[in-house]
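In what follows, chains are A, B, ... by sequence order, proteins preceding strands, each numbered from 1.
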Amino acid sequence: MSDPRKPFPFSEFEPAWQARWEAEKTFRTPGPGDADFDPAKPKYYVLDMFPYPSGAGLHVGHPEGYTATDIIGRYKRMRGFNVLHPMGYDSFGLPAEQYAIKTGQHPAITTAANITNFRRQLKALGFAYDWDRELATTDPQYVRWTQWIFLQLYGSYYCEVDGKAKPVGELEAQRWSREQVDGVRLAYVADTPVWWSPDLGTVLANEEVEEWKSKGHTVERRPLRQWMLRITKYAQRLIDELDTLDWPEGIKLLQKNWIGRSEGSIVSFKIVDFTSAIEVFTTRPDTLFGSTYVVMAPEHPFVAQITTSEQQSKVEVYQKACASKSDMDRGDLNKDKSGVFTGAFAINPVNDHLLPIWIADYVMMSYGTGAIMAVPAHDERDFEFAQRFELPIVQVVERLGATPTILENAGATPTLLAFCEPGVAVNSGFLDGLTTAAAKATMIDWLESNDFGRRRIQYKLRDWLFSRQRYWGEPFPIVWIDGHHQAIPESELPLLAPPLDDYKPSGTPEPLLSKAREWVELPDGFLRETNTMPQWAGSCWYYLRYCDPSNVGRFISHEAEAYWTGQNGTSGPPVSSAVGMVDLYVGGTEHAVLHLLYARFWHKVLFDLGHVTTPEPFQKLVNQGLILGEDGQKMSKSRGNVVNPDDVVSEYGADALRLYEMFMGPLEQVKPWIMQGVEGVSRFLARVWRVALELDPDGAWQVSNKIVDIACADKDLRRVVHETIRKVGDDIEKLSFNTAISQMMICTNAFTQATVVPRAEFTQFLTALNPFAPHLTEEIHRRLGGTTMLSETAWPIYDPAALVRHEVELIIQVNGKLRERLLIAKDADEATATAAALACAKVREHTDGKSIRKIVYIQGKLLNIVA
RNA sequence: GCCGCCGUGGCGGAAUGGUAGACGCUGCGGAUUUAAAAUCCGUUGACUUCACGGUCGUGGGGGUUCGAGUCCCCCCGGCGGUACCA
C-alpha cells in the first residue's frame with residue numbers, strides 16, 4: 001500500500017535500490033590487479049572535492065557538485081568507460097578539533113561520528129561511488145603515506161640546473177655538510193615571523209589567515225621555529241603549467257596573481273660611512289634617477305647598525321610599535337603612511353645623490369629584500385609618504401607625446417598624483433628619451449656592468465608554513481638529536497599521535513604533543529618533533545590514493561597510477577595531451593589558491609622524483625556556484641535560511657533533490673534555493689511515473705495499459721524521444737544539466753499526451769533519465785518487467801533519421817522584422833521560398849512600393865527581404 | 001583602488017549572429033470532484049486594438065551587420081576575491 005500523500009512511492013523504492021546497489025557492489029570500479037579488470041576499457045576519473053565531515057552534516061551545496069559528477073560518472077559508465085568516482089573525508093584539521101573541544105569529546109570520536117553521518121547522507125542520495133575505495137585522511141594507513149610523502153619532500157632539494165626536485169642523497173655524496181643539506185631541503189626548519197593565533201593555539205599559513213580572522217579569531221605576527229615547504233621553487237612551473245590545464249580562466253588568474261610574478265632588478269646602494277650596502281628590489285629600474293630616499297622594513301636586520309645615535313630612540317619606539325601591531329590594524333585603519341628617519345644616507349649609484357634612509361611599515365620584510373628605493377614621482381605609495389614627510393619629488397618619466405617639461409626640484413612642484421604609467425624617461429642622464437621598457441633594459445645592463453645590481457624575478461608567493469601546534473593532525477615523522485632533525489625510518493610509519501587527555505589550546509606556542517613526554521622522549525636522547533601537519537596535507541594527494549586505496553606497500557602502485565592517468569598506452573583512446581590525472585574535478589572556488597595550489601605542488605614534487613608520471617593532478621576543473629538561501633543571501637544558521645538535504649529527501653525523495661540541484665540553473669552559477677522549484681521537479685518525476693503506472697482501485701500501482709509492445713508509429717513522438725537522447729547526451733558532456741532536464745520534461749509531456757506509449761521508446765527515455773534520477777528509473781523499469789538494471793545498460797543511440805523533418809516553419813522577415821511564418825519544404829530553394837513569401841499579404845504590406853534590394857535566405861530557417 | 005563574475009518577464013532561467021522569453025515556478029481560466037487536494041487541458045513580457053494586428057522590449061548610450069541578448073567602444077548597477085607585494 002502506497003502513501004497516498006506521496007505522488008510516487010519514493011520512500012519505499014529509494015532505500016531499496018540503494019541497498020541493492022550496495023549489496024551487489026554495482027558501482028565497484030575494477031582496477032589493475034583485480035580479477036575483473038579489463039585494461040582495454042578506457043578510463044574516466046571524475047572527482048569531487050571530498051568534504052570535511054563537520055558536525056552540521058551535509059548541506060545542499062555538497063550535493064550540487066556531487067550530483068553533477070554522479071551524472072557524468074553514470075553517463076560515462078553507460079558509454080563504456082571504466083569510471084573512477086570515489087568519495088572520502090578530509091577528517092583532520094582545526095575545525096574538527098574545535099568541534100571536539102566544544103562538545104568535550106575526543107576528536108577521534110566526533111570525527112568518526114560525523115563521518116558515519118556523512119556516509120549515511122551520501123548513501124541516501126544514491127551516488128554511484130565505489131564505496132570500497134572510501135578513505136579518510138585520519139585512517140592510520142592513510143596517515144602512513146601522507147607521512148611518507150612528507151619524507152620525500154624532506155629527502156629532496158630543488159636542483160636549479162635541471163629545474164626539478166632530486167634526492168638530497170646526491171648532495172651528501174658530493175660531501176655537502178649536514179647544515180648545507182638542511183639548508184636546501186624542500187621541507188626545512190626556519191625561524192620566521194609567522195601568523196600565530198593564541199585562541200586557536202596554532203600558527204596559520206598566509207593563505208589561511210583571512211578565513212580564521214573572519215571567524216572571529218585573533219591572529220598576530222610572531223617569530224617562531226617552524227617547518228616550511230619550499231613551494232617558492234616551483235613558482236614559475238606553477239604559473240607556466242596552468243596553461244596546460246582545462247580550468248576556468250578566472251581560477252588560473254587567481255593562482256597567477258597569488259604567485260605574483262614581477263620582473264625587475266636588485267639595486268645595491270652603498271651606505272655613507274659603511275662598507276656594507278643595502279639591496280632593494282624594484283620593478284622600475286628606469287626610475288632610479290628619480291629615487292629621492294630609501295625605505296627599509298622596520299624589522300630589517302640592518303636598521304640597528306645604520307641608525308645614528310640621535311635617531312636611535314625614535315627608531316626603536318617605531319620598531320616596537322610596528323611589532324605589536326596586529327595585521328588588522330595595519331590593513332584597515334592605517335592607510336596613513338608612517339615612518340622614521342634612521343639618520344643614515346644611501347648613495348644613489350647613478351648620480352651619487354645622498355638619499356635619506358627611512359624605516360616605514362609600508363615596506364614588508366617578507367617581500368623582495370625588505371627595502372625599497374622610493375621614487376615618489378612615479379609610485380603612489382612613495383608619493384604619499386614623500387608628501388607626508390616633505391621629501392623631494394623628482395619627475396623622471398613623462399607621458400608619451402607630452403610636451404617636454406623639465407622639473408628641477410619637485411619639492412615646490414604641484415604634482416597632484418604620481419605618474420605610474422609607462423612613458424618616456426626624462427631627467428635621467430643616459431636614459432633620456434627612452435621608452436619605459438627600453439629604459440628598464442638599459443638601466444639593468446648598466447647596473448650589471450657596473451656591479452650595482454642585477455636582473456631579478458620576484459614572486460609574492462612565500463614558502464608554505466607547514467607546521468601546526470595542534471593535536472588533530474599528522475605528527476611529523478621526524479626526531480631531533482643534538483639540535484639536528486632527522487627522518488624516522490619508513491618502517492616506523494605510520495607515526496600516530498599519542499593519546500592526550502587535554503587538547504585545549506594552552507595559549508602558548510608550545511605544541512600540544514610536547515605534553516606527551518613518554519611519546520616525545522626516546523632512548524639515546526632522541527626527541528620527537530611535536531608539531532603536526534596542517535589539514536592540507538591529507539587533501540594534497542587523496543586523489544592518488546583513491547586509485548589504489550588498500551595498497552600496503554606503496555602510496556599508489558605504478559600500474560594503478562599508469563592506468564588512471566591514461567599513460568598505459570596499451571588501451572583505451574590514444575593517450576591524449578592530458579597532463580592531469582583526474583579528468584574532471586568539481587568543487588567550490590574557495591580552494592583556488594589553497595588546496596589547488598598545494599596539491600599541484602606536491603604532485604610536481606612526486607613527478608620530479610619519479611613517483612607519478614604526469615606533472616599535474618587535475619586536468620579539468622569546474623567550480624560549482626554557491627547556492628544561496630531563498631532570501632538570496634548566503635545560507636547561514638544565524639539567518640535561518642539553511643536548507644537541510646535530509647528534509648528535502650524525506651519530503652520529496654533523493655531523485656527530486658538531485659534533479660532540483662541540477663535544474664536550478666547552470667552548475668557554475670550562483671543561484672538561490674526555491675522550495676517551489678523542488679515541487680516542480682518532483683511533479684515532473686511523478687509525471688514520468690504516471691506515464692508507466694497507474695493506481696488501481698485498491699491503491700496499488702499497476703503498469704499502465706498505455707505502455708504497449710509495438711513499434712512506434714507516431715513520428716512526432718519518436719522524433720521527440722530521439723531528440724531527447726541526442727540533446728541529453730550532448731548536454732551532459734557540456735555539463736549543461738538544466739537544459740538536459742528541460743528536454744526530458746518536453747519528452748515526458750509528449751508521453752503524457754500520447755495515447756499509446758511504445759515500450760522501447762519509453763525505455764530509451766528512462767535510460768537517458770537514469771543518471772539524473774537513478775532510483776525512479778530503475779523502479780519503473782523493474783515494474784515494466786525489466787530484468788537488468790538501467791545503470792548497467794548502454795547509453796541509447798539516437799537515430800538521425802528520426803530527427804529529420806520534411807516541412808519546416810520558415811521565418812519571413814522584411815528588413816529584419818518578423819512578418820510571417822510559412823510551412824515549406826525543408827530544402828526549398830531560394831527562388832521558391834522568395835516566391836512563397838512574396839505571395840503573402842502581410843509581406844506585401846511591407847514591401848509594396850519599395851524595391852527589393854537584397855534577399856538573405858538561410859535554408860530551412862529564415863528568409864529576410866531587404867526593401 | 002585593482003582583478004574576476006553577472007545584469008533577459010512577477011521568479012529560477014532558455015536562446016551555433018537568425019522566431020527573445022524554451023523548460024519550470026507563480027498567477028488566471030476551464031475539466032474532473034458532493035467539495036477540496038491531487039491530476040489533466042488552456043493561458044500568463046508591456047502598451048495598444050472589438051478583432052486581425054501593431055508598437056515597444058534582454059541595465060543605459062553609441063557602433064558593426066540584411067539582421068545584435070549574443071560582436072566592438074563608452075557608461076551604470078549588483079556579487080565575489082584581493083589589497084601598501086615596491
Side-chain angles (χ1 to χ4, degrees), chain A residues 4-7 210 248-254 256-258 260-262 264 280-284 287 295 330-332 334-337 360-364 366-375 378-382 384-385 420 458-462 589-590 592-593 623 625-626 628 630 632 634 659-660 663-666 668-681 683-684 686-687 690 695 736 738-746 748-749 752-753 809-821 842 845 853-858 861-867:
Chain A
R5 291 166 304 173
K6 307 284 188 201
E210 277 311 311
E249 286 306 315
I251 299 293
K252 289 188 185 182
L253 207 62
L254 231 47
K256 277 185 193 164
N257 292 344
W258 185 265
R261 180 192 154 106
S262 298
V280 305
F281 171 69
T282 178
T283 55
R284 294 294 303 272
T287 62
V295 188
R330 264 174 104 159
D332 300 333
N334 192 9
K335 286 281 181 189
D336 281 349
K337 295 284 179 291
D361 68 356
Y362 83 94
V363 174
M364 312 284 130
S366 51
Y367 182 76
T369 63
I372 61 154
M373 58 178 232
V375 185
H378 306 292
D379 182 283
E380 279 174 29
R381 297 149 303 180
D382 298 344
E384 211 183 298
F385 192 83
C420 304
Q458 184 67 43
Y459 301 91
K460 273 200 269 185
L461 185 71
R462 313 287 151 84
T589 329
E590 68 273 18
V593 288
N623 290 122
L626 195 65
L628 306 173
E630 296 225 25
K634 220 171 181 170
L659 254 291
Y660 179 63
F663 189 59
M664 291 171 81
E668 304 192 47
Q669 194 166 302
V670 179
K671 44 211 178 282
W673 185 273
I674 298 166
M675 240 355 144
Q676 278 175 334
V678 185
E679 286 181 30
V681 292
R683 217 169 305 178
F684 158 64
R687 280 163 77 91
R690 285 196 311 270
L695 276 180
S736 183
N738 54 333
T739 51
I741 294 167
S742 294
Q743 180 62 36
M744 290 190 283
M745 287 172 167
I746 292 169
T748 302
N749 291 344
T752 302
Q753 289 181 344
E809 195 181 60
L810 188 73
I811 301 307
I812 311 299
Q813 296 181 334
V814 178
N815 292 333
K817 291 210 175 201
L818 173 71
R819 295 301 174 188
E820 184 60 293
R821 301 151 204 264
K842 279 188 222 162
E845 250 176 61
R853 289 187 290 145
K854 190 174 178 180
I855 300 281
V856 179
Y857 181 52
I858 313 290
K861 274 219 146 161
L862 166 144
L863 180 81
N864 187 13
I865 299 165
V866 186

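Nearest to the side-chain atoms of A:Pro672 among the listed nucleotides B:G12, B:C25, B:A86 stands B:G12. In the set B:G4, B:U26, B:A14, the nucleotide with an atom closest to the side chain of A:Pro666 is B:A14. Considering only side-chain atoms of A:Ile372, the nucleotide from B:C3, B:G13, B:A86 that sits closest is B:A86. Taking every side-chain heavy atom of A:Val856 into account, B:G18 is the closest of B:A86, B:G13, B:G18. In this structure, the nucleotide among B:A14, B:G18, B:C66 sitting nearest to the side chain of A:Lys861 is B:G18.
B:G57 is unpaired under the criterion used here, namely a Watson-Crick or G-U wobble arrangement in which both key atom distances are under 3.5 Å. B:G42 and B:C28 make up a base pair, with Watson-Crick or G-U wobble contacts both under 3.5 Å. With a 3.5 Å ceiling on both atom-pair distances, the Watson-Crick or G-U wobble partner of B:C71 is B:G63. The nucleotide B:A36 finds no pairing partner, because no Watson-Crick or G-U wobble arrangement with both distances shorter than 3.5 Å includes it. Figure legend. B:G7 is base-paired to B:C76; pairs are counted as Watson-Crick or G-U wobble with both atom distances under 3.5 Å. Base pairing analysis places B:A51 opposite nothing; no Watson-Crick or G-U wobble pair with both distances below 3.5 Å involves it. If you check B:A22 for Watson-Crick or wobble pairing at under 3.5 angstrom, you find it has no partner at all. Base pairing analysis places B:G1 opposite B:U82; the two distances defining the Watson-Crick or G-U wobble pair are each below 3.5 Å.
Comparing the same atom, P, in B:G7 and in B:G59 gives a spacing of 8 Å after rounding to whole Å. Straight-line distance between the C1' atoms of B:U19 and B:G67: roughly 12 Å, to the nearest whole Å. Look at the P atom in both B:C52 and B:G63: the space between them is 36 Å, to the nearest Å. Between B:U55 and B:U49, the two C1' atoms lie 11 Å apart (nearest whole Å). Rounded to the nearest Å, the gap between the P atom of B:G21 and that of B:U58 is 14 Å. Between the P atoms of B:G80 and B:C66, the separation comes to 43 Å (whole Å). One P atom belongs to B:U26, the other to B:U32, and the distance between them is 23 Å to the nearest Å. The P atoms of B:A86 and B:C73 are separated by 28 Å, rounded to the nearest whole Å.
Atom CG in A:Leu862 sits roughly 10 Å away from atom P in B:G18 (whole-Å rounding). One can place CZ of A:Arg853 at 13 Å from C1' of B:U65, the figure rounded to the nearest angstrom. In this structure, A:Ile746 atom CD1 and B:G21 atom C1' are separated by 14 Å, rounded to whole Å. One can place CD of A:Glu590 at 14 Å from P of B:G80, the figure rounded to the nearest angstrom. Summarising the geometry, the separation between CG on A:Asn864 and P on B:U65 is reported as 15 Å, rounded to the nearest angstrom. Rounded to an integer number of Å, the gap from A:Phe663 CZ to B:A22 P is 12 Å. If you measure from atom CH2 of A:Trp258 to atom P of B:G4, you get 18 Å, rounded to the nearest angstrom. In this structure, A:Lys460 places its NZ atom 13 Å from P of B:C3, rounding to the nearest Å.
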Could you go step by step and tell me if A:Met745 and A:Val681 meet the side chain to side chain contact (heavy atoms under 4.5 Å, CB included) rule?
CA-CA 9 Å; A:Met745 287 172 167; A:Val681 292; 4.2 Å; yes
Evaluate side chain to side chain contact (heavy atoms under 4.5 Å, CB included) for A:Arg687 paired with A:Asn749, printing each intermediate quantity in order.
CA-CA 8 Å; A:Arg687 280 163 77 91; A:Asn749 291 344; 2.6 Å; yes
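Taking the six-membered ring for Trp and thresholds of 30 and 60 degrees, A:Phe385 and A:Tyr362 have ring planes inclined between 30 and 60 degrees apart.
No side-chain heavy atom of A:Arg821 sits under 4.5 Å from any side-chain heavy atom of A:Leu810. Side chains of A:Ile865 and A:Ile855 form a contact here, defined as non-hydrogen atoms less than 4.5 Å apart. The closest side-chain heavy-atom distance from A:Val856 to A:Leu863 is not below 4.5 Å. Here the side chains of A:Tyr660 and A:Glu679 are not in contact, with every heavy-atom distance at 4.5 Å or above. Counting heavy atoms from C-beta on, the side chains of A:Asp382 and A:Met373 never come closer than 4.5 Å.
When heavy atoms are screened at a 4.0 angstrom cut-off, A:Leu253 is found touching the sugar-phosphate backbone but no base atom. Across all strands shown, A:Val670 has heavy atoms under 4.0 Å from sugar-phosphate atoms exclusively, and none from any base. A:Lys671 comes within 4.0 angstrom of sugar-phosphate atoms only, judged by non-hydrogen atoms across all strands, and of no base. Across all strands, A:Thr589 comes closer than 4.0 Å to no nucleic acid atom at all (heavy-atom distances). Here A:Gly260 lies out of heavy-atom contact (under 4.0 Å) with every strand.
In this structure, A:Asn738 reaches the B:A14 phosphate: one of its side-chain N or O atoms is under 4.0 Å from OP1 or OP2.
Closest non-hydrogen pair, A:Val363 versus A:Gly370, comes out as CG1-O, 3.6 Å.
Glycosidic conformation of B:G9 is syn; the angle stays within 90° of 0.
Mapped onto RNA chain B by nearest heavy atom, A:Phe281 and A:Thr739 fall at different nucleotides, with A:Thr739 at the one closer to the 5' end. For the pair A:Met745 and A:Asp382, nearest-nucleotide mapping onto RNA chain B gives the more 5' position to A:Met745.
Here the options are A:Met664, A:Gln669, A:Glu668, the test is side-chain contact (heavy atoms from CB on, under 4.5 Å), and the partner is A:Pro666; only A:Gln669 passes.
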Tabulate atom names and distances for all N/O pairs under 3.5 angstrom spanning the protein and nucleotides 5-7 of chain B.
none

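In this structure, the side chain to side chain donor-acceptor pair (under 3.5 Å) partners of A:Arg261, at least two apart in sequence or on a different chain, are A:Gln236, A:Glu263.
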For nucleotides 31-57 of chain B, give me one character per nucleotide, 5' to 3': B if any protein heavy atom sits under 4.0 Å from the base, S if the only such contacts are to the sugar-phosphate, - if neither.
--------SSS------------SSS-
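Under a 4.0 Å N-O distance rule, the pair A:Lys252/A:Glu249 qualifies as a salt bridge.
Few gaps surround CD on A:Glu630; more than 12 heavy atoms of other groups in view lie less than 6.0 Å from it.
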